[in-house]
Amino acid sequence: MMQTLKKIVRGISFALEGLVFAFKNDQHFRINSFLSLTGTFLSLALLEGCLSLVLAFINYSILVAELFNTAIERAVDTATLEFHPLAKAAKDVSSAAVLTTGIFALLADLIYLLPALLSAIL
Ligand SMILES: Nc1ncnc2c1ncn2[C@@H]1O[C@H](COP(=O)(O)OP(=O)(O)OP(=O)(O)O)[C@@H](O)[C@H]1O
C-alpha cells in the first residue's frame, strides 16, 4: 500500500516537472496555455450548466494538445537535430494537432463565449 502511494506521488512529481519544463522552455506553450486557461475560466464563470463544462473542456484541451506537441518536439530533437523529412513531418503534424484544436475552440468561443462575455460587460 505504502509502495503504491510512493509510486503515485513520484508519478505526480514527474508530471509536474514536465509542466514546469514546458512552461520554462516553450514560448508557444506559455502563450497557448494562457489563452487556454483564460477561455476555461471564462467558460466556467460566464456560462451555465452543461454548456459551461463542455466549453471549459474544449478550451482546456488546447493546453493538453500543446503539452503533447512540446513532448513530441523534444522527442524528435533527441532523435535528430539534423534536417530530416520525417522529423519535419512529425513536428508539423504535432503542430497541426494544436492548430485544429485551437480553431475548434475559437469557433466554439465565438459562438457561445463571446456573446456571454459581451452581455456581462455591457
Ligand atoms: N530536425 C528537423 N528536420 C526537419 N525540419 C525540422 C526539424 N526540426 C524542426 N523542423 C521544422 O521547423 C519547424 C519548427 O520547429 P521547432 O522545433 O523550432 O518548433 P517550433 O514550432 O518553433 O516550436 P517551439 O518554439 O514550441 O519549440 C517544424 O514544424 C518543422 O517544420
Side-chain angles (χ1 to χ4, degrees):
M1 179 67 185
M2 210 51 200
Q3 283 293 67
T4 314
L5 206 65
K6 268 187 186 169
K7 269 190 177 176
I8 292 172
V9 171
R10 251 166 68 88
I12 292 173
S13 92
F14 287 142
L16 290 176
E17 275 181 42
L19 205 56
V20 170
F21 176 90
F23 199 81
K24 275 189 179 164
N25 295 287
D26 197 315
Q27 193 190 20
H28 288 155
F29 177 79
R30 283 195 294 275
I31 295 167
N32 285 335
S33 61
F34 173 75
L35 294 174
S36 165
L37 291 174
T38 303
T40 304
F41 172 77
L42 289 177
S43 302
L44 292 172
L46 299 176
L47 299 171
E48 281 174 14
C50 239
L51 187 62
S52 165
L53 270 185
V54 171
L55 253 284
F57 179 75
I58 290 170
N59 278 286
Y60 196 74
S61 64
I62 299 171
L63 189 151
V64 178
E66 189 60 59
L67 279 171
F68 280 121
N69 179 41
T70 303
I72 288 167
E73 279 174 1
R74 293 307 182 278
V76 169
D77 286 344
T78 62
T80 179
L81 287 173
E82 306 283 306
F83 180 89
H84 194 290
L86 285 178
K88 176 174 168 49
K91 286 193 177 185
D92 290 350
V93 171
S94 169
S95 295
V98 178
L99 181 69
T100 50
T101 310
I103 288 172
F104 187 75
L106 182 67
L107 287 177
D109 286 346
L110 286 176
I111 295 168
Y112 296 105
L113 194 53
L114 188 63
L117 185 62
L118 290 178
S119 72
I121 293 171
L122 303 175

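Note that ligands are numbered from 1 as they come in the structure, with each ligand's atoms numbered from 1 the same way. Residues: numbered from 1 along the sequence shown.
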| query | Do other residues, nucleotides or ligands put more than 12 heavy atoms under 6.0 Å from Tyr60 OH? | reply | no

| task | Using the rule that two of Ile, Leu, Val, Met, Phe, Trp, Tyr join whenever any of their side-chain heavy atoms come within less than 4.5 Å, decide whether Phe21 and Leu19 are in one cluster. | result | no

| request: Look only at interatomic distance and state if Asp77 has a nitrogen or oxygen under 3.5 Å from any nitrogen or oxygen of ligand 1. | output: no

| message | Do Leu118 and Leu110 land in one hydrophobic cluster if side-chain heavy atoms of ILVMFWY residues count as linked below 4.5 Å? | response | yes

| remark: Near Asp26 (heavy-atom distance under 4.0 Å), the atoms of ligand 1 are 24 (P), 26 (O), 27 (O)

| task | Please write down residue, atom name and distance for the protein heavy atom closest to atom 23 (O) of ligand 1. | result | Glu73 OE2, 3.0 Å

| query | So which protein heavy atom does atom 18 (O) of ligand 1 come closest to, and at what separation? | reply | Lys91 NZ, 4.9 Å

| Counting only heavy atoms on the protein side, is anything nearer than 4.0 Å to atom 14 (C) of ligand 1? | no

| Side chains of Ser94 and Asn69: donor-acceptor distance under 3.5 Å anywhere? | yes

| task | Mind checking whether His28 contacts ligand 1 via backbone (N, CA, C, O), side chain (CB onward), both or neither, at a 4.0 Å heavy-atom cut-off? | result | side chain

| Do you know the tightest heavy-atom contact between Val98 and Ala65? | CG2-O, 3.7 Å

| message | Counting non-hydrogen protein atoms only, what is the nearest one to atom 3 (N) of ligand 1? Give residue, atom name and distance. | response | His84 N, 3.0 Å

| task | Please indicate whether any nitrogen or oxygen in Ser95 is less than 3.5 Å from any nitrogen or oxygen in ligand 1. | result | no

| Considering only heavy atoms, does Gln27 approach ligand 1 within less than 4.0 Å through its side chain, its backbone, both, or neither? | neither

| If you take all heavy atoms of Ile58 and Ala105, which pair is closest and at what distance? | CG2-CA, 3.5 Å

| task | Please name the pair of heavy atoms, one in Val76 and one in Ala90, separated by the smallest distance, quoted to 0.1 Å. | result | CG2-CB, 3.8 Å

| said: Which of the numbered atoms in ligand 1 are under 4.0 angstrom from any heavy atom belonging to Asp92? | reply: 28 (C), 29 (O), 30 (C), 31 (O)

| said: Among all protein heavy atoms in this structure, tell me which lies nearest to atom 5 (N) of ligand 1, with the distance rounded to 0.1 Å. | reply: Lys88 CB, 3.3 Å

| task | Specify the closest pair of heavy atoms between Gly39 and Ser43, including all atoms of both residues, with the distance to one decimal. | result | O-OG, 2.7 Å

| query | Of all the atoms in ligand 1, which lie at a distance below 4.0 Å from a heavy atom belonging to Ala87? | reply | 1 (N), 2 (C), 3 (N)

| message | If you compare all heavy atoms of Glu73 against all heavy atoms of Lys91, which two are closest, and at what distance to 0.1 Å? | response | O-CE, 3.8 Å

| said: Under a 4.0 angstrom heavy-atom cut-off, which atoms of ligand 1 come close to Glu82? | reply: 1 (N), 2 (C), 3 (N)

| field | Close-contact set for ligand 1 against Phe83 heavy atoms, below 4.0 Å | value | 3 (N), 4 (C), 5 (N)

| Contact summary for Arg30 and Lys24, nearest pair of heavy atoms | NH1-O, 3.2 Å

| request: Kindly state if atom 30 (C) of ligand 1 has a protein heavy atom within a strict 4.0 Å cut-off, that is, under 4.0 Å? | output: yes

